[in-house]
Structure formats: structure tokens, C-alpha cells
Amino acid sequence: MRKILTASFFNRDTSIVAQELLGTFLVRKIGNKEIAAMITQTESYDGLHDLASHASKGRTTRTEVMFGKPGIFYVYLCYGMYFMLNVVTREYGYPAAVLIRGVQGYNGPGKLTKFFGIDKSLNGLVAEKSTGLWFEDRGVAVSKSHIQKLPRMGVAYAGPVWSAKKLRFVLLV
DNA sequence: ACGATGATGAAC
DNA sequence: TTCATCATCGTA
């Protein structure tokens, strides 16, 4: 079973999407080469009130895509070196996204984007086959007991309340 | 524990 | 136009 995830999958509660993304595959096609890896770690960033989210600063040139349609990519450069891959969730106009923090074999968001050849040119594009990067449900069953909930990483600046929230989801293998 | 390295947003 | 800040990683 191979089902490509579309807008209706992403147009839901952000932490539900973040959890259901675990066990699905991130697929990248460059030319006629196709690579895929199972997603094992995600983080949820939801709404203007979430101080850890870039969108908490409001609508800016950088955060604009987070207000966009569900199922588009939000890619940005971090620490001048690494690209971060996010997928926009919720309805158009509501700022929310899921950070793809790790796939099987490549933990760490900077490493996985390097491995998949992801850069800013994908920012704002729809996750579908024609883009060359999309999400696929390959029928891996993930039970709730195999999902670990932890605080998000590197978000101490968001203050004690928001940095403590368990919005990082890890798939136990 | 820390430096590399550059886009970003806010202040001036 | 300048400044502080950062959703990281590899080397110490």
C-alpha cells in the first residue's frame, strides 16, 4: 500500500499530524533516482501563541509560508549552515507547521536535509510527486504506545512554559 | 563546551 | 545599516 499524503492529511490538528507522520516515508526524486526513508522524529509548532514557533513574531517575509495552504513545505536556513524541513499544517491563514527532525538512519534535521538534497528552492512548494519531494504512507502501523513525547529541542528562548511542552514525537523501534 | 557561518527581524 | 539571535553539527 502506497498512498501519497495530500492537503486533507495536513489540514488537521498539528500535533496529530506530527504523530501520524511517524512511520510514513519521506520520498525524494532527483532525475530518475528515488530515495526514501521512514520518518522517526517530528516536532509540532502551532499558532501565533506558540513562542517557540517562528510565527509567534507574526506574518513576516520568513513566516509567510506558515500561513499558507496545508501540505506545502517551509524550508529555511539555520545557523548559516543547515536547512530545516517543515510541512505546513492547518487551514489556510493559520500559522502552523511540523518540523521533520529525523528519518531512519539520519537523525538530526540538518543531516537529513543534506542527505535528501533539500534547500530553499522547495520553500512554499506543494508536497507532491511533481515537486520531487513528498510523503508516502507505506502501510507501516504505528501504535500510540510506540510514540514517545518529549520537549522540543533548542527552544529554551521560548520560556519555561513553551519549552517544556512535549511537542516532540519520537518513534520507538 | 564551543566555533562555524549567514539569514532574519528589530532597533536605531 | 548595524546588531543580536538562532528549530545544528562536528570537533574538542
Side-chain angles (χ1 to χ4, degrees), chain A residues 5 9-26 28 35 37-90 93-127 131 133-135 147-172:
Chain A
L5 304 181
F9 177 89
F10 297 103
N11 189 10
R12 293 182 297 153
D13 179 87
T14 311
S15 20
I16 288 180
V17 173
Q19 288 174 76
E20 291 193 6
L21 234 24
L22 296 175
T24 66
F25 282 74
L26 182 65
R28 177 73 162 135
I35 49 176
M38 191 173 74
I39 295 169
T40 56
Q41 207 173 139
T42 58
E43 282 182 17
S44 158
Y45 290 86
D46 182 274
L48 291 165
H49 55 280
D50 182 352
L51 296 179
S53 171
H54 291 159
S56 65
K57 296 194 192 306
R59 199 183 273 257
T60 67
T61 43
R62 179 201 222 180
T63 60
E64 185 65 32
V65 294
M66 290 187 78
F67 292 79
K69 293 182 293 181
I72 64 173
F73 293 114
Y74 168 39
V75 182
Y76 69 93
L77 186 66
C78 185
Y79 298 111
M81 266 183 242
Y82 299 101
F83 289 105
M84 299 288 143
L85 176 67
N86 305 251
V87 216
V88 173
T89 58
R90 296 287 222 111
Y94 185 95
V98 172
L99 168 68
I100 310 302
R101 172 164 281 284
V103 298
Q104 205 164 50
Y106 288 87
N107 276 355
K111 284 163 96 176
L112 92 85
T113 51
K114 194 179 170 191
F115 176 67
F116 276 83
I118 291 163
D119 61 31
K120 260 193 112 171
S121 65
L122 290 161
N123 193 39
L125 298 185
V126 180
T131 306
L133 182 67
W134 67 93
F135 298 94
I147 297 176
Q148 199 174 10
K149 297 179 186 178
L150 299 164
R152 292 173 292 184
M153 302 199 63
V155 292
Y157 64 89
V161 175
W162 285 101
S163 59
K165 288 197 185 290
K166 294 184 174 178
L167 293 173
R168 176 157 63 107
F169 306 103
V170 181
L171 179 62
L172 303 171

| task | Measure the distance from NE2 on A:His54 to C1' on B:dA7 and round it to the nearest whole Å. | result | 11 Å
| said: If a pair means Watson-Crick or G-U wobble with both distances below 3.5 Å, what does DNA chain C look like in dot-bracket form, with | marking bases paired to a different strand? | reply: ||||||.||||.
| Could you give the CZ-to-P distance, from A:Arg62 to B:dA10, as a whole number of Å? | 11 Å
| query | Which residues satisfy the side-chain hydrogen bond (donor to acceptor under 3.5 Å, both in side chains) test with A:Arg62, sequence neighbours excluded? | reply | none
| message | Need one value for A:Met153: base, sugar-phosphate or nothing, where a base atom within 4.0 Å counts as base even if backbone is also close, heavy atoms only. | response | sugar-phosphate
| request: Return the set of residues passing side-chain hydrogen bond (donor to acceptor under 3.5 Å, both in side chains) with A:Glu43 (not counting sequence neighbours), or none when no residue passes. | output: A:Tyr45, A:Arg101
| request: Using only heavy-atom distances, determine whether the side chains of A:Thr14 and A:Thr89 contain a donor-acceptor pair under 3.5 Å. | output: yes
| query | Over how many whole Å does the gap from A:Lys57 atom NZ to B:dA7 atom P extend? | reply | 18 Å
| said: Determine whether the aromatic ring centres of residues A:Phe10 and A:Phe135 are separated by less than 6.0 angstrom. | reply: yes
| task | Only pairs at least two apart or in different chains count here, so list each salt bridge (Lys or Arg N to Asp or Glu O under 4.0 Å) that has a residue in residues 76-87 of chain A. | result | none
| Strand-adjacent residues in residues 104-122 of chain A, judged by heavy atoms under 4.0 Å from DNA chain B | A:Lys120
| query | Quick one: A:Asn123 CG to B:dT8 C1', roughly how many Å, whole number? | reply | 13 Å
| message | If the condition is side-chain hydrogen bond (donor to acceptor under 3.5 Å, both in side chains), which residues does A:Thr63 pass it with, not counting sequence neighbours? | response | A:Thr60
| request: Using the test side chain to side chain contact (heavy atoms under 4.5 Å, CB included), find all partners of A:Lys120 that sit at least two apart in sequence or belong to another chain. | output: A:Phe83
| said: Could you work out, with salt bridge (charged side-chain N to carboxylate O under 4.0 Å, His left out) as the rule, every residue matching A:Arg28, not counting sequence neighbours? | reply: none
| task | Would you mind classifying the nucleic acid contact of A:Thr61 as base, sugar-phosphate or nothing, using non-hydrogen atoms under 4.0 angstrom? | result | sugar-phosphate
| said: Just the rounded figure in Å: distance from P of B:dT5 to CZ of A:Phe83. | reply: 15 Å
| note | Contacts of A:Tyr82 meeting side chain to side chain contact (heavy atoms under 4.5 Å, CB included) (sequence neighbours excluded), chain-then-number -> A:Met84
| query | Using a heavy-atom distance cut-off of less than 4.0 Å, which residues of residues 69-79 of chain A contact DNA chain B? | reply | A:Leu77, A:Tyr79
| request: Applying side-chain hydrogen bond (donor to acceptor under 3.5 Å, both in side chains), name anything that partners A:Asp50, two or more places apart in sequence or on another chain. | output: A:Arg152
| task | Can you tell me the distance, in whole Å, between the CE atom of A:Met84 and the C1' atom of B:dT5? | result | 13 Å
| query | Taking only residues at least two apart or on different chains, which pairs with a member in residues 63-77 of chain A satisfy salt bridge (Lys or Arg N to Asp or Glu O under 4.0 Å)? | reply | A:Arg59-A:Glu64
| query | Atom CG of A:Leu51 and atom P of C:dC6: how far apart are they, to the nearest Å? | reply | 12 Å
